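Notes to accompany the following structure.
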Amino acid sequence: MGEKSALLLHGGVLRTRSNDTEHRFRPDSNFHYLCGLREPGALLLFRPGCDPEFTLFVRPRDLEAEIWSGRRVGPEGATEKYGADEAWPLERAGQLLPSLLDGIDTLYTPLGADDPGLMPLVHRAIDHLRRRDRYGGIAPERLQDARALMGEERLRKDEAALASMRRAVDITVGGHLAAIAATRPDLYEHQIEALLEFNFRRHGSSGPGYGSIVGSGDNATILHYVDNESLLRDGELLLIDAGAEWDYFTGDITRTFPVNGRFSPAQRDLYAIVLAANEAGIADAQVGSNIDSIYRVCLRTLIQGLRDLKLVEGEVDALLEDEKSYIHYTRHRHSHWLGVDVHDVGHYCLGREPRPLQPGYVLTVEPGLYIAADDERAPPELRGVGIRIEDDILVCTPGPEVLSAGVPKSIAGIEALVGTVPYPA
Ligand code: GLY
Ligand code: MN
Ligand code: MN
């Protein structure tokens, strides 16, 4: 951050679900990453090299309020449990911030964030210090984006981050295994979703890190399908894209498999293409490679396969240059950073160039093929089929580590697992 700089973050607010009930609180990702506190409204001020260095503002203890809406850590607990050098009740923030920011040149705070509470506080503190100029007050003159700063910090997973990341993915693996093993025709997608998320919560996960996608038949061609309400039919595929949160890190795994445990020949052909693309993409997730390169490697494999199936025509190199020729089958990019946010932070490019992968980066590799239900070019048995295979990859030496390797994806491995345990009574 440099000398005479400070970082100010807001812990987030409760969000209304309907009328007067709220969603369960989830702290702001950056706030939680730095201090671990999980309470609405809190403010964190970090001033490296100053005394105090780390200040928290938290809701004061209030026995009556705590009976209704849960325990509060209070200022005393904030210093004891979260390592703050000093902590104050929230309502003191407006009064104390000017002196805490006096002499700071650069204030890092989230720019462009949807946080109506923070900026007025910052502006009032700066304005107050400006007006103290005659008396020696020194106001910050530069605001810098804390989101960019934190993105770079979070992109390379340190030991603690990696431990949480691994745990999130391990729990995710367990959920997928349980869901695949219990799948059979005539269950509903929501029943599989329930089993998946039961297995997340039973192992202490705070729940899914994003809306679980459990899509059978042509629901699998809807990329963010979360209704999860259809009946699983014999002969169809089921696509599950879901991740468990642990310490607010999330897994992000997709598997696609036959509801009845056997791929049809046509499904098998399409699946084999996506699997080859997934494996080729993972093999390219090397130190020094980049996300664009992984995309091109996956895409080449997908296009080659689409050509073999006669869904596209022409030379692979020419097709690769003409997005319109294939994008209706491939739809999306094939990687994103993974961490506290499912689409995690950190720049994808340095300047305009794709960022070289470094040890400690975690990313997904998730190629897919989606054949629309009304695609007359496709053989009838492939119409309305969607297949995606997504793994979570740690970039390291000597080669990438597939954190999600515990969920089978080979055709034989998948077929051996589906329907092997009864759905819970
Ligand atoms: N589930 C969201 C994604 O795979 O990016
Ligand atoms: Mn993903
Ligand atoms: Mn996903």
Side-chain angles (χ1 to χ4, degrees), residues 26 29 151 154-155 157 165-166 168-177 179-180 189 192-193 196-197 199-200 205-216 219-228 237-246 248-257 271 274-275 277-282 284-285 290-292 294-295 297-299 302 327 330-346 348 357 361-370 386-395 400-409 414:
R26 184 195 187 277
S29 296
R154 282 167 45 190
L155 177 55
K157 272 61 183 173
M165 188 75 252
R166 285 183 190 280
V169 178
D170 287 348
I171 296 173
T172 304
V173 165
H176 278 259
L177 290 174
I180 297 170
E189 292 165 351
I192 301 299
E193 176 190 2
L196 182 76
E197 295 185 2
N199 276 280
F200 293 172
S205 157
S206 42
Y210 55 91
S212 299
I213 297 165
V214 183
S216 61
N219 293 335
T221 66
I222 302 167
L223 298 178
H224 290 162
Y225 172 80
V226 289
D227 292 338
N228 304 347
L237 299 180
L238 177 62
L239 181 153
I240 300 181
D241 180 346
E245 242 181 12
W246 175 266
Y248 296 105
F249 284 77
T250 187
D252 181 11
I253 300 179
T254 307
R255 289 292 184 266
T256 312
F257 51 94
Y271 186 90
V274 180
L275 181 59
N278 163 282
E279 287 173 342
I282 291 171
D284 192 44
N290 61 66
I291 274 180
D292 282 5
I294 294 172
Y295 181 58
V297 166
C298 290
L299 209 47
L302 294 178
I327 196 73
T330 62
R331 304 260 174 95
H332 52 78
R333 304 278 293 187
H334 296 148
S335 297
H336 53 80
W337 309 135
L338 184 67
V340 180
D341 296 308
V342 62
H343 299 153
D344 208 29
V345 292
Y348 284 92
L357 300 180
Y361 292 9
V362 176
L363 67 147
T364 65
V365 176
E366 51 178 304
L369 286 174
Y370 311 90
I387 295 173
R388 179 164 64 254
I389 306 172
E390 174 172 31
D391 282 299
D392 302 339
I393 310 300
L394 169 65
V395 179
E401 180 183 344
V402 184
L403 302 176
S404 49
V407 195
K409 60 183 174 183
I414 286 272

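Just so you know, ligand 1 is whichever comes first in the structure, and atom 1 is the first atom listed for that ligand. This chain uses plain numbering: 1 for the first residue, then up along the sequence. Please read all numbers here as calculations on a predicted model, not as lab measurements.
Within ligand 1, counting atoms from 1 as listed, the ones closer than 4.0 Å to a heavy atom of Asp252 are 1 (N), 3 (C), 4 (O), 5 (O). Numbered from 1 in the order shown, with element, the atoms of ligand 1 that lie under 4.0 Å from a heavy atom of Glu390 read 4 (O). Atoms of ligand 1 found under 4.0 Å from any heavy atom of Tyr210, numbered from 1 in the order shown, are 1 (N).
Distance alone, capped at 3.5 Å, places no donor-acceptor pair between the Arg154 side chain and the Gly339 backbone. Looking at Asn219, its side chain never comes within 3.5 Å of a backbone N or O of Tyr225 through a donor-acceptor pair. At distances below 3.5 Å, not a single donor-acceptor pair connects side-chain atoms of Tyr348 with backbone N or O atoms of Asp292. Checked by atom type and distance alone, the side chain of Arg255 pairs as donor or acceptor with a backbone atom of Glu390 at under 3.5 Å.
When heavy-atom distances to ligand 1 are checked against a 4.0 Å cut-off, Thr254 has no atom that comes that close, whether in backbone or side chain. Contacts between Glu366 and ligand 1 below 4.0 angstrom, taking non-hydrogen atoms only, involve the side chain exclusively.
Distances between N or O atoms of His224 and those of ligand 1 include no value under 3.5 Å.
The minimum heavy-atom distance between Asn199 and Gly175, with the atom names listed, is CB-CA, 3.8 Å.
The atom name of the N/O/S atom in Glu366 closest to the Mn ion (ligand 2) is OE2. The atom of Glu390 that is an N, O or S and sits closest to the Mn ion (ligand 2) is OE2. The nearest N/O/S atom of Asp252 to the Mn ion (ligand 2) is OD2.
Aromatic ring centres of Tyr370 and His332 lie closer together than 6.0 Å.
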Check the pair Leu196 / His176 against side chain to side chain contact (heavy atoms under 4.5 Å, CB included), numbers first and verdict last. CA-CA 6 Å; Leu196 182 76; His176 278 259; 4.3 Å; yes

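Not one N, O or S atom of His343 sits under 2.8 Å from the Mn ion (ligand 2).
Checked options Asp391, Asp392, Asp252, Asp170; the residue passing with Ser404 is Asp391 (criterion: side chain to side chain donor-acceptor pair (under 3.5 Å)).
The protein heavy atom nearest to atom 5 (O) of ligand 1 is His343 NE2, 2.7 Å.
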